[in-house]
Protein chains: 2
Amino acid sequence: MASIHEVAKQAGVSVATVSKVINNYSDVSSKTRNKVNKAIELLNYQPNVVARSLVKKRSWTVGMFLLDFFTNPFISELLDGLRKSLEDSSYDLLFLSPNLSNPDYTFTKHCISRNVDGVVMFGVDRTNQNFLDLLQAEMPTMMIDIDLLGPRTGYVTADNRRGAYLGVQHLVELGHKRIAFISGDLGCLVGQTRFSGYQEGLRSNELPYYDQYVEVEEYSIEGGYKAMKRLLQLSEAPSGVICSSDYMATGAIEAIREIGMRVPDHISVVGFDNTFYAELSMPKLTTINQNITLMGMKAGEHLIRMIENPDYSPPTEIVPANLVVRDSTGQYKE
Amino acid sequence: MASIHEVAKQAGVSVATVSKVINNYSDVSSKTRNKVNKAIELLNYQPNVVARSLVKKRSWTVGMFLLDFFTNPFISELLDGLRKSLEDSSYDLLFLSPNLSNPDYTFTKHCISRNVDGVVMFGVDRTNQNFLDLLQAEMPTMMIDIDLLGPRTGYVTADNRRGAYLGVQHLVELGHKRIAFISGDLGCLVGQTRFSGYQEGLRSNELPYYDQYVEVEEYSIEGGYKAMKRLLQLSEAPSGVICSSDYMATGAIEAIREIGMRVPDHISVVGFDNTFYAELSMPKLTTINQNITLMGMKAGEHLIRMIENPDYSPPTEIVPANLVVRDSTGQYKE
DNA sequence: TTGTAAGCGTTATCAC
DNA sequence: GTGATAACGCTTACAA
């Protein structure tokens, strides 16, 4: 590929002038500009981003560490949103492969050596040393669902409190009174806020809170299945249950079916996330929509703002959640 | 972050020597090596990949253009495989954001300006100009499901012929005789080979081929639904149907249910792909396993081989397919 | 075994 | 308006 030197030679000007044309400087005559543009066209020239990065100390690249799988629906939706925002700003997205065999490896070093302009992070707990390093290095970072703030660190999360609240409200309106909650890890932001939303929902409907109606499990089909199994053994089993992910809801439904009951005829199940999978499941899941794609977009937008404007103070964005009613919930029948 | 100069100063040697230590040259005394390593440790130094790229003309980066969504299960599984192979070789994966607003934009230019070492491509048809440019530019490229070969271009695909064949065989063994095929675009490699596998399956079981048992549609739920609708209107509707994706199978099942029939009691449905979704669907799908993750891994492995060894001739890798029997197919009953 | 210096393709400063 | 030239952080002849 032609370099700036060849363009300069072809156009009969200096490299400095070519650079000015490329970067739209005003102090270049339209005559020279034309000559240069013609040469660029002719040589099919494209500036070398690597060389540019070296001098500008910017790479127009956002980094990401994927500690989970692309097949995780939450992640793939998030990425679709993130990608959208990056495309709009012409940033490329770099998936950094962690070199775990090297004991000295750190995320921060990797980011710096790659010269990424910013990072999007999620799926690790907030005490992870890699996060704290990044925060300290003042690398522009947007966290997803991790309430960590720093001079160059912001986060986006969903309105999980309200989401859970809406789930309870929905079940109450359908006549349910024994409403259980299958939670993920209560130590994390997401777990905590959903739990408090659940409690608030009960309270505002003057329903009593029972410890045995709360089960903590992994955010998986298996987790939902195990939790529901336990709930079904209660002397007074719940007639409605809020799960903390769509996968959990699927597991719960499986457990319910296994003992010969039907969803939603005997028990109503509410999912969480509204991943694309909620609509493919049978029955289609009533679920709390987190707007995951929007979360990803917002993360990207804020990150780019932070990168391009050092004065932009790291935001806390809480994306609204709403309830999507489908077929896994129904009227309470005794 | 410290540069190589600061390390050199700290260690009391020249930058050339530091470079030699970093790159494991043998002609450096262990004494100097120690000094340098100590300085590296002390300053928490990490070589700048950007600067290195500039001189080496290599970036340890593989590029990708995503023309579809991360939420597409086929794609996310492919990416999980690709990522695995890149991690093993410490390459990072760059998602290139196509700048469609710029009329001069081309994939090739983007790759070159970013100095990516190679590219993985899929999801576009083989006449796409971007592909041909890349091929001509002799950029190491692995195609997925696109049979395009060049001096630096290879591809990986699944054994779709055998896959479709196995699907027919399975239905025949269950006693089915009226077996339909819901195909994707017959102009593409994948569509063609599956179709020929279907025909071969019929032939080797001495079953007649009927044009009206073949429907062409998009690889979506909607597509499967529409195709199945048409098949159900036939005077002699099929008792078994091979779909060209798991999503199509879901759509077909929906259409079957809609007229009050059940899967697999009345009609057996075979999916294609064996994405993670096949197991979540109800009923769980009998499907042809493409080993998508393996395809992704193989693409990555071959690409890296091509990059690191100019003599490695671009491969054609056909990943074996097999049948996974679950609950959407059953014995034929009149 | 070590160091000097040119060069990778840009941008930016400062003369002209 | 335009052009030399140093600099970005590294690798690599080649000289010492």
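Here is how names work: the chains are called A, B, and so on, in the same order as the sequence lines, proteins then strands, and each is numbered from 1.
Counted within 6.0 Å of CD on Gln129(A), heavy atoms from surrounding residues, nucleotides or ligands total more than 12; the atom is thus considered enclosed. By the 6.0 Å contact criterion, CD on Gln136(A) is open, its count of non-hydrogen atoms from other residues, nucleotides or ligands being 12 or less. For Lys35(B), the NZ atom counts as densely surrounded, since its 6.0 Å shell holds more than 12 non-hydrogen atoms of other residues, nucleotides or ligands. Shown here is Tyr312(B), whose OH atom has more than 12 heavy atoms of other residues, nucleotides or ligands within 6.0 Å. With a 6.0 Å radius and a threshold of 12 heavy atoms from other residues, nucleotides or ligands, Glu308(A) has its CD atom above the threshold.
Between the C1' atom of dG9(D) and the CZ atom of Arg114(A) lies a distance of 15 Å, rounded to the nearest Å. The CG-P distance, from Asn115(A) to dC10(D), rounds to 11 Å in whole Å. Nucleotide dA12(C) holds its C1' atom 16 Å from the CZ atom of Arg58(A), rounded to whole Å. Following rounding to the nearest Å, Leu54(A) (CG) and dC8(D) (C1') show an atom-to-atom distance of 4 Å. The distance from atom NZ of Lys57(B) to atom C1' of dT12(D) is 14 Å, rounded to the nearest whole Å. Whole-Å rounding puts the Asn48(B) CG to dT11(D) C1' distance at 13 Å.
Of all nucleotides listed (dC10(D), dC8(C), dT10(C)), dT10(C) comes nearest to the side chain of Tyr45(A). The side chain of Lys56(B) lies closest to dT12(D), out of dT10(C), dC8(C), dT12(D).
Contact check of residues 2-15 of chain B against DNA chain C (heavy atom, cut-off under 4.0 Å) returns Val13(B), Ser14(B). Contacts of residues 17-42 of chain A with DNA chain C (heavy atom under 4.0 Å): Ser19(A), Asn23(A), Tyr25(A).
Atom CZ of Phe74(B) sits about 10.0 Å away from atom CG of Leu79(B), to the nearest 0.5 Å.
Residue Thr71(A) forms a side chain to side chain donor-acceptor pair (under 3.5 Å) with just one option from Asp80(B), Thr71(B), Thr293(B), and that option is Asp80(B).
Counting heavy atoms from C-beta on, the side chains of Phe107(A) and Pro98(A) come closer than 4.5 Å. Side chains of Phe70(B) and Phe95(B) form a contact here, defined as non-hydrogen atoms less than 4.5 Å apart.
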